[in-house]
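Numbering of ligands and ligand atoms starts at 1, following listing order. In this chain, numbering begins with 1 at the start of the sequence shown. Given the structure is predicted, the values throughout are model-derived calculations rather than measurements.
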Amino acid sequence: MIDGKKVLFSGMQATGTLTLGNYLGALQNWVKLSDEYECFYSVVDLHSITVRQEPAELRKRARNLLTLYIAAGLNPEKNCIYYQSHVSGHAELSWILNCFTYMGELNRMTQYKDKAAKHADNINAGLFTYPVLMAADILLYQTDVVPVGNDQLQHLEITRDIAQRFNAIYGDVFTIPEPYIGKQGARIMSLQEPTKKMSKSDENANASVYLLDKPDDIMRKFKRAVTDSEGVIAYNDNQPGVRNLLDIYCSCKGITPDEAVKEFDGKGYAELKTAVGETVVSVLKPVQDEFERLGKDKAYIDGIIKANAEKANYFATKTLRKVQKKVGFPERIR
Ligand code: TYM
């Protein structure tokens with residue numbers, strides 16, 4: 001609890017350009033929850049270097065991502081929006097938690113298996129212990145709730161296991177966090193292969209809608225979206241392409257699949273695709289405009305970065321000192 005409010009933590013990687021999946025699965029919910037909780041939203045640049053990055057490009061993407069958080073509607077004066085690398089407590093707590101995490105547990109992580117397969121020439125230890133750093137991110141702020149998409153659930157589970165294990169040894173040190181998964185949009189699929197998750201790293205640019213895509217490109221991508229030959233707009237497992245379009249529509253509009261199916265009763269796929277495309281364009285337009293405006297205000301963004309790094313450090317250090325004491329590190333002499 002901070003000032004009587006429960007704590008929310010979440011983060012995104014600054015690798016690639018944000019997709020509609022990131023927006024509907026996470027960012028949109030962050031904005032919805034931001035009044036209710038004391039929030040920490042991190043640009044997780046430490047996680048990004050588990051895969052090789054071009055330094056200048058990473059720096060630029062990280063800044064763009066931080067700006068996008070604000071452009072999407074997070075008030076940086078109320079919410080702590082900051083770079084993970086500006087708070088050394090993340091790495092310090094991560095080391096300690098590494099000593100409370102088992103190899104067997106990490107071996108089971110599906111994201112690790114996927115990434116190891118994709119980057120077979122660089123299966124580094126960071127890629128393996130990635131979930132431990134994520135646990136440190138969350139536990140450092142005594143987080144109650146973590147809004148994420150479906151793909152991060154396994155990492156939330158291991159975070160809870162590590163926290164419970166630590167608490168069982170040392171007493172109530174960490175708050176046990178709960179995931180928050182939105183009703184719709186928790187798993188947005190590729191527009192080209194709707195059985196696969198929409199991902200920043202997809203090589204096929206038509207598979208993903210990016211947050212900063214121009215309206216024409218968004219419409220074109222939806223028009224080309226893979227559907228099926230059923231010819232009926234229904235929400236079921238046999239029509240993953242149509243279901244994904246409906247999920248996107250529902251998540252943008254805040255309606256249920258039943259309501260959407262009724263709305264499109266008797267209509268064809270072309271009409272569905274156009275309607276979904278237009279809805280996405282209208283949701284993203286204000287974010288894009290604000291992103292452009294903020295991008296020109298360097299001093300403002302710099303001020304946010306500085307003030308929020310201080311705020312995050314303050315709360316992170318509180319937890320870190322407690323943990324260091326519990327495990328037996330010597331007290332600091334002032
Ligand atoms: P990342 O950067 O891959 O994704 C950021 C957020 O977007 C969600 N997401 C999706 N949701 C729905 N459909 C999709 N197709 C889709 N693709 C991505 C993700 O679930 C996530 O919520 N390891 C994390 C970043 C992280 C983190 C944390 C998150 C680091 N530390 C602590 C929460 C708490 C990641 O790589 O997310």
Q: Can Asp237 and Arg243 be counted as an ion pair, charged N to O under 4.0 angstrom?
A: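 Yes, charged N to carboxylate O under 4.0 Å.
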
Q: Check the side chains of Asp247 and Tyr235 for a donor-acceptor pair under 3.5 angstrom, ignoring hydrogens and angles.
A: yes

Q: So, do Tyr41 and Phe9 have ring centers that fall under 6.0 Å from each other?
A: no

Q: Decide if the gap between the ring center of His90 and the ring center of Tyr83 is smaller than 6.0 angstrom.
A: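 Between Tyr83 and His90, which both carry aromatic rings, the centre distance is not below 6.0 Å.
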
Q: Does a donor on one side chain sit under 3.5 Å from an acceptor on the other, for Asp151 and Gln111?
A: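 Looking only at side-chain atoms, Gln111 and Asp151 do not form any donor-acceptor pair under 3.5 Å.
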
Q: Among the heavy atoms of Lys200, does any lie under 4.0 Å from an atom of ligand 1?
A: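 Distance cut 4.0 Å: Lys200 passes for ligand 1.
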
Q: What part of Leu24, side chain from CB on, backbone N/CA/C/O, both or neither, has a heavy atom under 4.0 Å from ligand 1?
A: neither

Q: Does His155, backbone or side chain, put an N or O under 3.5 Å from an N or O of ligand 1?
A: no

Q: What's the shortest distance from atom 28 (C) of ligand 1 to any protein heavy atom, and which residue and atom give it?
A: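 Scanning the protein heavy atoms, the shortest distance from atom 28 (C) of ligand 1 goes to Met134 CG, 3.3 Å.
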
Q: For atom 11 (N) of ligand 1, what is the nearest protein heavy atom, given as residue, atom name and distance?
A: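 Going atom by atom, the protein heavy atom closest to atom 11 (N) of ligand 1 ends up being Gly21 O, 3.2 Å.
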
Q: Under 4.0 Å, counting heavy atoms only: does Gly185 come that close to any atom of ligand 1?
A: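 Contact present.
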
Q: Nearest protein heavy atom to atom 13 (N) of ligand 1, by residue and atom, and its distance?
A: Ile188 N, 2.8 Å

Q: Side chain, backbone, both or neither: which applies to Val146 and ligand 1 if a contact is any heavy-atom pair less than 4.0 Å apart?
A: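 For Val146, the contact with ligand 1 is made by the side chain alone.
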
Q: To check your reading of the model: name the closest protein heavy atom to atom 37 (O) of ligand 1, its residue, and the distance in Å.
A: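 The closest one turns out to be Gln152 NE2, 3.8 Å.
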
Q: Do the side chains of Arg293 and Asp289 get close enough for a salt bridge, i.e. N-O under 4.0 angstrom?
A: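 Looking at Arg293 and Asp289, the cut-off is not met.
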
Q: Between the side chains of Asn124 and Asn122, does any donor sit under 3.5 Å from an acceptor?
A: yes

Q: Which heavy atom of the protein is the closest neighbour of atom 32 (C) of ligand 1, given with residue, atom name and distance?
A: Phe9 CE2, 3.4 Å

Q: Looking only at protein heavy atoms, identify the closest one to atom 23 (N) of ligand 1 and say how far it is in Å.
A: Tyr130 OH, 2.7 Å

Q: So which protein heavy atom does atom 18 (C) of ligand 1 come closest to, and at what separation?
A: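 Protein heavy atom with the smallest distance to atom 18 (C) of ligand 1: Asn22 ND2, 3.1 Å.
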
Q: Whether Arg165 and Asp161 form a salt bridge (side-chain N of Lys/Arg under 4.0 Å from carboxylate O of Asp/Glu) is what I want to check.
A: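 Not counted as a salt bridge, because no side-chain N and carboxylate O are separated by less than 4.0 Å.
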
Q: Indicate whether the side chain of Glu310 and that of Tyr82 have a donor and an acceptor atom separated by less than 3.5 Å.
A: no

Q: Determine, considering heavy atoms only, which of Ala186, Gly149, Pro147 sits nearest to atom 12 (C) of ligand 1.
A: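 Closest candidate by heavy-atom distance is Ala186.
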
Q: Name the closest protein heavy atom to atom 31 (N) of ligand 1, giving the residue it belongs to and the distance to 0.1 Å.
A: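 Checking every protein heavy atom, the shortest distance to atom 31 (N) of ligand 1 gives Asp137 OD2, 2.6 Å.
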
Q: Between the candidates Ile181, Val148, Asp151, which shows the shortest non-hydrogen contact distance to atom 19 (C) of ligand 1?
A: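 Minimum heavy-atom distance to atom 19 (C) of ligand 1 goes to Asp151.
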
